[in-house]
Amino acid sequence: MSAIFNFQALLTVLLLLVCTCAYVRALFPSMLDHNKTGILGIFWKCARIGERKSAYVGVACIAMAFSILFLQ
């Protein structure tokens, strides 16, 4: 089943996208900063979410890891 039809897989993909974009922006800020608009602006927005809501994203990652490891 693809991640589009499985809600838990979709949440996992979104969390990984947010975490990856925030990590890449921390290492190479210019890589994402010049693409603030357009289709590549999605990555910049995900990085901003990862930076600004880092406590919530971290808790969501821990909850998702617990769910994947112990509940499936």
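- Taking 4.5 Å as the limit, every side-chain heavy atom of Val24 sits out of range of all side-chain heavy atoms of Phe43.
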Assess whether side chain to side chain contact (heavy atoms under 4.5 Å, CB included) is satisfied between His34 and Trp44, documenting all intermediate values. CA-CA 9 Å; His34 70 274; Trp44 180 79; over 6 Å; no

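- Under the 4.5 Å side-chain contact rule for hydrophobic residues, Leu11 and Val57 share a cluster.
- At least one side-chain heavy atom of Ile68 sits under 4.5 Å from a side-chain heavy atom of Gln8.
- Linking Ile, Leu, Val, Met, Phe, Trp and Tyr whenever their side-chain heavy atoms come within less than 4.5 Å puts Leu32 and Leu40 in one cluster.
- Taking the side chain as every heavy atom from C-beta outward, Arg25 and Glu51 approach each other to under 4.5 Å.
- When each of Leu16, Leu14, Leu10 is checked for a side-chain contact (heavy atoms from CB on, under 4.5 Å) with Thr12, only Leu16 meets the rule.
- Distance check, rounded to the nearest 0.5 Å: CG of Leu15 to CD1 of Ile62 gives 11.5 Å.
- By the 4.5 Å heavy-atom criterion applied to side chains, Lys45 and Arg48 are not counted as neighbours.
- Within a 6.0 Å sphere centred on CD1 of Ile39, other residues, nucleotides and ligands contribute 12 heavy atoms or fewer.
- For the atom pair CD1 (Ile49) and SG (Cys19), the distance works out to 11.0 Å, reported to the nearest 0.5 Å.
- Remark: Ile42 CD1 to Thr37 OG1 distance equals 11.5 Å, nearest 0.5 Å.
- The heavy-atom pair separating Leu17 from Cys46 by the smallest distance is CD2-SG, 3.6 Å.
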